[in-house]
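Here the structure is a predicted model, which is why all the values come from computation and not from measurement.
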Amino acid sequence: MAFTIYKNTDGSAPTLSGTVDSYCALLRACLVNGYGAKTAAGWTAPFDGTNKTVFRNGTGSSQRYYRVLDDGSVPTAAAREATIYGYESMSDVDTGVNPFPALATTSIVRKSTT
């Protein structure tokens, strides 16, 4: 199995910062579109909204959906954090079935200290 390593020092690498939507942009570049000489990881982005994107892992996997909300809405964190939830299926960027972890549990990704 071949692996692709994505680094912030790669030519044309996306920048992750404490700004709204930077995490979604980074994931879009690595997982869906690729950048510079790096190929994409084979995921899709079937649903997109303002500062939120749903990613789906490629064929040969569990085909789950991962909703990333990167709008600065995490209390006291400004835009330094984003939330991620997985779903078994989704019909749009805001509607999913069988979330994991449970929606009462917050999945937060710290993307920047500033």
Practice task
Could you tell me which non-hydrogen atom of Y65 sits nearest to which non-hydrogen atom of P46, and how far apart they are?
Solution key: CE2-CG, 3.9 Å

Exercise for the section: Could you list who else is in V20's hydrophobic cluster, with ILVMFWY side chains joined at under 4.5 Å, directly or through other members? Expected result: none

Handout entry: Side-chain (K111) to main-chain (A79) donor-acceptor, under 3.5 angstrom
Key = yes

Problem - Short side-chain donor-acceptor distance under 3.5 Å, S17 and T15 - result: no

Problem - Same cluster (ILVMFWY, side-chain, under 4.5 Å), F55 and I84 - result: yes

Exercise for the section: Could you check whether the rings of F100 and Y66 sit parallel, tilted or perpendicular, using 30° and 60° as the cut-offs? Expected result: perpendicular

Practice task
Spell out, as yes or no, whether a donor-acceptor pair under 3.5 Å connects the side chain of T95 to the backbone of D92.
Solution key: no

Practice task
Among Ile, Leu, Val, Met, Phe, Trp and Tyr joined by side-chain contacts under 4.5 Å, find the other residues sharing a cluster with V97 and list them by chain and number.
Solution key: none

Handout entry: Residues that, via side-chain heavy atoms closer than 4.5 angstrom, fall in one hydrophobic cluster with V74
Key = I108

Exercise for the section: State plainly whether one hydrophobic cluster holds both V54 and Y85, where clusters connect Ile, Leu, Val, Met, Phe, Trp and Tyr through side-chain heavy atoms under 4.5 angstrom apart. Expected result: yes

Exercise for the section: Kindly say whether V93 contributes a backbone atom to a donor-acceptor pair with the side chain of R67 at under 3.5 angstrom? Expected result: yes

Handout entry: Value rounded to 0.5 Å, distance of OG in S112 from CG in L16
Key = 7.0 Å

Practice task
Any pair with a residue in residues 13-34 that passes salt bridge (charged side-chain N to carboxylate O under 4.0 Å, His left out), sequence neighbours left out, goes on the list, sorted by first then second residue, please.
Solution key: D21-R28, R28-D48

Problem - Reported CH2-to-SG distance for the pair W43 and C30, which is rounded to 0.5 angstrom - result: 11.5 Å

Exercise for the section: Kindly say whether I5 contributes a backbone atom to a donor-acceptor pair with the side chain of K38 at under 3.5 angstrom? Expected result: yes

Exercise for the section: Please list, chain by chain and in numerical order, all residues satisfying salt bridge (charged side-chain N to carboxylate O under 4.0 Å, His left out) with R64, sequence neighbours excluded. Expected result: none

Practice task
For D70 and Y23, indicate whether the former's side chain and the latter's backbone hold a donor-acceptor pair under 3.5 Å.
Solution key: yes

Practice task
Answer whether the closest heavy-atom distance between the side chains of N57 and S62 falls below 4.5 Å.
Solution key: yes

Practice task
Check for a donor-acceptor pair, side chain of D71 on one end and backbone N or O of K52 on the other, with a separation under 3.5 Å.
Solution key: no

Exercise for the section: Look only at the side chain of Q63 and the backbone of G58, and say whether a donor-acceptor pair between them is shorter than 3.5 Å. Expected result: yes

Handout entry: Heavy-atom closest contact (Y6 atom, T39 atom, distance)
Key = OH-O, 2.8 Å

Practice task
Hey, could you give me the OG/CD distance between S107 and E81, rounded to the nearest 0.5 Å?
Solution key: 12.0 Å

Exercise for the section: List, by chain and number, the other hydrophobic cluster members for L69, where Ile, Leu, Val, Met, Phe, Trp and Tyr join if side-chain heavy atoms come within less than 4.5 Å, directly or indirectly. Expected result: none

Problem - ILVMFWY network linking Y87 to F47, side-chain heavy atoms under 4.5 angstrom - result: yes

Fill in the blank from the handout: To the nearest 0.5 Å, atom CG of L31 lies from atom OG1 of T53 at 10.5 Å

